[in-house]
Amino acid sequence: MTVQEMPKNFDFGEAESRLYTWWESHGYFKPEVAPADAEPFVIAIPPPNVTGELHLGHAMFVSLEDLMIRYERMRGKAALWIPGTDHAGIATQLQIERMLRNEGTSREEIGREEFLFRTWEWKEKYGNAIVNQLRRLGASCDWDRLRFTLDQSLSVAVREAFITLWDQKLLYRGPRLINWSPGLQTAVSDVEVERSEEQGTLYYFKYPVEGGEFIPVSTTRPETILGDTAVAVHPDDDRFKHLVGKTAYVPLIERPIPVISDSYVDREFGTGALKITPAHDFNDYEIGLRYNLPMISIMNKDASLNANAGPYAGLDRFEARKKIWADMTAAGLTIKTEPHTLQVPRSQRGGEIVEPMISEQWFVKMEPLAEKAIAAVKDGRIKIVPDRFEKVYFNWLENIRDWCISRQLWWGHRIPAFYCPNGHITVQRENPVRCATCGSRDLTQDPDVLDTWFSSGLWPFSTLGWPAQTPDLDRFYPTDVLETGYDILFFWVARMIMMGMWFTENIPFHTVYLHGLVRDKNGEKMSKTKNNVVDPLIMMGQFGTDSLRYTLLTGGTPGNDQNISEERIEYSRNFGNKLWQISRFIISNLGEETIADPAEFITELSAPDRWILSRLQGLVGSVQRLFDTYQYGEAGRQIKEFLWEEFADWYIEISKNALYGDDAHAKQITQAVLLKVIDTNLRLLHPFMPYITEEIWRFLPGEHKPLILAAWPVSDARFINADAESDMDLLRDLVVKIRNVRLEYSVDPGRRIQAIATGQPTTGLQIGQYAYIFSRLCNVEQLDMLNGKAAPEQSAAVVSGDVTVYLPLAGMIDLAAERTRLTEELEMIKGQIAKTQGMLANESFVSRAKPEVVERERTKLADLTRTRAAVEERLGGLVG
RNA sequence: GGGUCGUUAGCUCAGUUGGUUAGAGCGCGUCGUUGACAUCGACGAGGUCAGAGGUUCGAGUCCUCUACGACCCACCA
């Protein structure tokens, strides 16, 4: 057997592309790498926008999903991670329009066909950039199954879904009040509108009523006065009761409108009277419907005022606001203005102020779909992690409103509805040739496209071939976990569940795992304007992919936002280096002999061996428990702590004794233990840090599968050993205390000192056998046993459990200082004894606490009592 | 108006079946070129776990309320 020396450092830049190509070219990312009868484990990727630039949100979901996929693959499942991209209607269209503008043209000028041609051309050229960036993160997707929401087969799925809803009378089309984006010139859905709290003005003015009276009214948007079709007051409001039923006149344009009463009006707010603009306000729209009021739209598609605004036609909505208020002031109709905080509806994309407008659009009736989606989570078929999001999910679905799915865009799935000159609408699988009612061949297709989220909602099954009954759909649907950020719970997750339940009569996945948002080191949202964006590509280039992944995976807790900074990623890089150095040390010390399994030596193991193997198996069990409950971050932290603080700092240092010693058998055992520990940890860490672990794995001796396919560790109870753990705790405690004494007395670090020990732990540990630990870890030249002789004078003493170690430091010991030091320690021990005694004296503690807890306290008290005796004895022997 | 999350060391955060002396990184102080690692090691200082009640033998952890901060949903012009 030859052992290949590892390089001094991990060259991640070189290794990442090499290993990724190796994995992919061997088909390791494909579910077919598992036996044909293996249980599948499937994740459908949250498809990034084709226009996307890799950001930490992508890095987050890739890290988590790749972790789950690699973990399940190692557990022998047929792991399938379906990759894909989203056509992202608005975002992409904006991008192409910008490009056309730079060319001095526009989409209107080149026409729909040419525009789509240009967009596809752009997509073919640049649409894979984001895909390549996902690969760089180590994503082990099955790239042969890459999908795009506008693919032929996915378009078939979209059309099938649309037709099904139409046939089930769950689609309707008609003029409704919708959210209109004047800049993009399209309708947007409710969830695409964000409300931002902003400082505005509340305008108070007089609404003239027949007979010379007036009603004071307040509004935040004076321009909408021109579209008023009623003034409303509360039915029980004595101030205005006598005016109900009379005619009011819209200021400036003198249009007569009724004064109505409705209990919706809040008498306490503003003037207690409300102007009603049904065509530009959602509440007013409802009231308008209730009272059959006219709906007067006063704006054009670009939100400038139209002919209904009379003299103000042509003005921009905000210009009009100023002008109207000025004119009303001149006419003596204004009362006052006051500052007012209001919720301004802004477009999620672009941030412009969205305008409620009456418009002809397509809608999905959501209630029947929502019912099934609610039931699936209520009865536990789908679980949301963390479960607090279930409440948010229910709240949204229980109050769901119909979904406006048409968009006045060109890039997307064209609505498969065809209009006959007589108004008949045909919706069917194949494009109709002639109208079924009038026979006309003069059919026109609806010019609009569907909301991007309509196709995303079908993603878990459309990517597997639905509506065709493909083998993939049969084998891999339903998928298993849907992992994404909580910010798209409504946009995407809820809609996937609704559409999955509706169209496949099955859950689309059994678990939803929601991660938090990534923020900057101060918890602020990252944004280009704030210049606090951490670029994952730059971080990967600087510290390696594994460092970024490990940071994201361990930096927070499920569902909570996490702050990230370059320093954290740098620290992860340091951990990667530590892992590399540990491995390099082990591999360079394995020698030429075949390495056995420590289980073969189970009766011959030393205390440190038994300890580290017990801790190792404890770790494996703990990691499993954490993985089972989706607590990957804590699992990753525990692996790091084990490797760094226990294995590297203690076991490896101790192991040098056997490795550099003459006892070949002891050396062989130590090698077996070292190899076992690193082997297991590489497996545990692989889903977190795939590259460095796979690279180290290649240097491990023997013939073995690639790590990506190696078996996930299972805790081996044979090695769990409480006595070994307590023995090593004792030895480590003594070492730390001796180091302390050395530092306190300024003993030269290079000076080798003597030590004399006494005492016998109840576990049977023979301190004398482990003198080498003290030699290596705190520079004790020789450790003798006291064996009943008198304690040495002029020495410092450290006590731990049943063991006292004297350090004869003639000439360096300050007896007064030593007495102070030991007295302080004695006080601490006494404090603990008092506390423990108190607990044990408490009858209800002894009778009610779990027996093992009581037993532990008893043992502790016994240990402490012996330690106290030892310290007291030493203090008594300290004669000045 | 309804809801969620957070408040633990100077800073950023862990701490999920309640159970020894509450942890880490960074920062700070002292020290270290021993054959894996200075991308490191040794030792240390630093916390009434936001506050008040409650449940419990026992609370950072469970319950209630309060304060402060962040976010989500919602039709107050």
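Within every chain, numbering begins at 1; the chains are lettered A, B, ... in the order of the sequence lines, protein sequences first and strands thereafter.
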When you measure from the side-chain N and O atoms of A:R742 to the phosphate of B:rA42, is any distance below 4.0 Å, counting only OP1 and OP2? no

Close N/O contacts between protein and nucleotides 44-49 of chain B (under 3.5 Å):
| from | atom 1 | to | atom 2 | distance (Å) |
| --- | --- | --- | --- | --- |
| B:rG44 | OP1 | A:N740 | ND2 | 3.3 |

Given B:rU4, B:rA14, B:rU39, identify the nucleotide with an atom nearest to the side chain of A:E634. B:rA14

Between B:rG19, B:rG15, B:rA36, spot the one nearest the side chain of A:T557, thanks. B:rG15

Choosing from B:rG41, B:rG19, B:rC76, which nucleotide comes nearest the side chain of A:D266? B:rC76

Respond yes when some side-chain nitrogen or oxygen of A:W644 is under 4.0 Å from OP1 or OP2 of B:rG41, and no when none is. yes

OP1 or OP2 of B:rU34 sitting under 4.0 Å from any side-chain N/O of A:N779? no

Ignoring backbone atoms, test whether A:R637 places a side-chain nitrogen or oxygen under 4.0 Å from the OP1 or OP2 oxygen of B:rA14. no

Interatomic distance at C1', B:rG46 relative to B:rG51, whole Å: 23 Å

Among the nucleotides B:rC5, B:rA36, B:rG19, which one has an atom lying closest to any side-chain atom of A:N560? B:rC5

What nucleotide among B:rA36, B:rA77, B:rC5 has an atom nearest to a side-chain atom of A:R388? B:rC5

Less than 5.5 Å between centroids and less than 30° between ring planes, does A:Y571 satisfy that with B:rG25? no

With the side chain of A:K640 defined as its heavy atoms from C-beta on, choose the nearest nucleotide among B:rA14, B:rA24, B:rU39. B:rA24

Given B:rU4, B:rA24, B:rU21, which nucleotide is nearest the side-chain atoms of A:E645? B:rA24

Provide the distance between the two P atoms, one in B:rC28 and one in B:rU34, to the nearest whole Å. 23 Å

